[in-house]
Amino acid sequence: MDWDRIGAELDAFGCAVIPGLLDAAACAQLAASYAQAELFRSRIVMERFNFGSGEYQYFAYPLPAPVAALRTSLYAPLARIANRWQAVLGEAARYPATHADYLASCHAAGQTRPTPLLLQYGAGDYNCLHQDLYGELVFPLQVAVLLSRPGVDFSGGELVLTEQRPRMQSRAEVVPLGQGDAVVFAVSQRPVNGSRGPYRVNMRHGVSRVRSGTRHTLGIIFHDAA
Ligand SMILES: O=C(O)CCC(=O)C(=O)O
Ligand SMILES: [Fe+2]
């Protein structure tokens with residue numbers, strides 16, 4: 001994985017694609033596991049909370065092996081980028097080098113519930129712009145993997161990111177993904193270099209309306225939930 005390229009794109013745009021993070025068989029298997037209720041700790045129907053339309057489920061611990069492996073292995077290079085952002089923003093705190101150590105700090109702070117999730121959208125469904133904040137502790141980067149085949153399993157349903165800049169109009173970004181591609185993006189805030197030094201922008205993400213078919217995604221969030 002080209003972490004220099006990913007880091008540079010995150011710095012410039014607040015998001016970066018990792019092509020082919022999962023193969024087609026792994027994607028199909030994960031998407032099918034949505035039906036296995038015993039894998040999950042809770043199911044959210046988005047309409048009920050005005051979060052959009054569609055549903056998602058948070059995995060229970062222990063996470064399925066491929067999800068646990070991705071969460072652990074992606075954390076270390078992302079923590080290096082997150083720590084660079086901390087330095088740019090003049091923040092003293094640093095993220096530990098391993099996900100085990102970071103999770104230990106979440107758990108000590110009372111954030112003990114797993115946050116990786118599977119999302120399922122049918123025709124007409126969408127996900128309102130939001131931030132995945134689940135307590136005081138926030139790891140600033142997250143990953144979403146498209147499990148379905150655009151143009152085959154579904155149409156529409158694009159991942160959308162917005163960036164709210166102080167005293168400026170918001171910027172939107174649409175991230176084109178194929179099956180198995182992942183996108184890394186900022187959870188809530190990221191630094192931008194301005195002419196008078198770095199400043200913070202506020203990011204949100206969502207999914208535009210699915211026009212037809214069924215779309216599944218895997219979301220990997222690195223902090224646990226209170
Ligand atoms: O379905 C998607 O592409 C985005 C899902 C999402 O909100 C997330 O992974 O946090
Ligand atoms: Fe999200």
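Note that ligands are numbered from 1 as they come in the structure, with each ligand's atoms numbered from 1 the same way.
- Residue contacts with ligand 1 include Tyr121, since one or more of its heavy atoms lies under 4.0 Å from the ligand.
- A donor-acceptor contact shorter than 3.5 Å links the side chain of Thr115 to the backbone of His223.
- Side chain to side chain, Gln164 and Ser170 fail the donor-acceptor criterion of an N or O pair below 3.5 Å.
- Considering Gln120, His216, Glu55 as possible partners of Tyr34, the one that fulfils the side chain to side chain donor-acceptor pair (under 3.5 Å) test is Glu55.
- Among protein heavy atoms, the minimum distance from atom 3 (O) of ligand 1 is reached at Arg215 NH2, 2.7 Å.
- Rounding to 10 degrees, one finds that the Fe ion (ligand 2) sits at the corner of an angle of 90° between Asp132 OD2 and His205 NE2.
- Within the listing of ligand 1, atoms 9 (O) sit less than 4.0 angstrom from a heavy atom of Gly219.
- Every atom of ligand 1 with a heavy atom of His130 under 4.0 Å away is listed here by number and element: 7 (O).
- Every atom of ligand 1 with a heavy atom of Leu159 under 4.0 Å away is listed here by number and element: 2 (C), 3 (O), 4 (C).
- Side-chain atoms of Asp132 and His205 form a donor-acceptor pair, as typed in the model, at a separation below 3.5 Å.
- Of all atoms in ligand 1, listed by their number and element, those nearer than 4.0 Å to a heavy atom of Leu119 are 5 (C).
- Between Tyr75 and Phe139, the ring center distance clears the sub-6.0 Å criterion.
- Within a 6.0 Å sphere centred on CD of Glu38, heavy atoms belonging to other residues, nucleotides or ligands number more than 12.
- Figure legend: Arg209 and Tyr126 shown without cation-pi pairing, the cationic atom not lying both under 6.0 angstrom from the six-membered ring centre and within 45 degrees of its axis.
- Taking a cut-off of under 4.0 Å to the non-hydrogen atoms of Val207, the atoms of ligand 1 that pass are 1 (O), 2 (C), 3 (O), 4 (C).
- Heavy atoms of Asn127 found under 4.0 angstrom from ligand 1 belong exclusively to the side chain.
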